[in-house]
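Please read the structure below before turning to the comments.
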Amino acid sequence: MIHEILPVGPLQCNCSIFGDEQTREAIVVDPGDEIAEICSILAQHRLHVKAIVITHAHIDHIGGAAKLKAITGAPVYMNENDQPLYDHLDRQAAWLGMESPERTKIDVAAREGDKLTIGKTGFEILHTPGHSQGSISLWIPAESKVIAGDTLFRDSIGRTDLPGGDFHQILRSIADKLLALPDEAVVVPGHGPITTIARERAMNPFLQDM
Ligand SMILES: [Zn+2]
């Protein structure tokens, strides 16, 4: 499995590009910005995008989705609970003093238990609300890897003071969905360095009472 992690935009959101070596199918997760760079990585590996998956509708994760969809024709997957956030993308842009990017229609609702595949590799949707109501994580059992969006970071968790945030809910999502994954599972957070489930269970100050 090809997996490139590219921090994009002023908030350095980790965009993940997964590619299957046999079928050359790709899944792009959180194309927040720098779509030209993402496209050049796709071209380097001769990949065609099968799905664009959004972990949550904050502008740094979803800002480039419309542009990438226009270029690749791939459908956009997002949990429907984040539609209100996406509808107010212009408000999010204003908070950050940015120009509002173009929006697009969400093609597929990403719900708990849904599965995407490229080649023979499955990607399972975990609904992990708390940072936002529609926050999802993507679990890839064959790679023992989870894309955690802004739910879990190395030594921290997602902020819950923005609209749709809920501190107790994010802790419950982490306890029930993420800490249930194998210890050796690699966690790719929405920002910052990768980590593992075992490391966060042992070291993350927010998870010590679990
Ligand atoms: Zn966020």
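Being a predicted model, the structure only gives us computed values, none of them experimental. For the numbers below, each heavy atom of this structure counts, side chains included, while hydrogens, waters and symmetry mates do not. One-based numbering, in listed order, for ligands and for the atoms of each.
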**Prompt:** CG of Leu181 to CD of Glu200: how many Å apart, nearest 0.5 Å?
**Reply:** 13.0 Å
**Request:** Indicate the atoms forming the closest heavy-atom contact of His61 with Ile54, along with that distance.
**Result:** O-CD1, 4.0 Å
**Request:** Taking 2.8 Å as the upper limit, name the protein N, O or S atoms near the Zn ion (ligand 1).
**Result:** His56 NE2, His58 ND1, His131 NE2, Asp150 OD2
**Request:** Determine whether the side chains of Ser135 and Thr151 contain a donor N or O and an acceptor N or O closer than 3.5 Å.
**Result:** no
**Message:** For Thr104 and Lys69, which I'm curious about, is there any donor-acceptor pair between the side chains at under 3.5 Å?
**Reply:** yes
**Message:** Counting only heavy atoms not in Glu21 (residues, nucleotides, ligands), do more than 12 fall under 6.0 Å from its CD?
**Reply:** yes
**Item:** side chain to side chain donor-acceptor pair (under 3.5 Å) partner of Thr55, chosen from Asp30, Asn79, Asn14
**Value:** Asp30
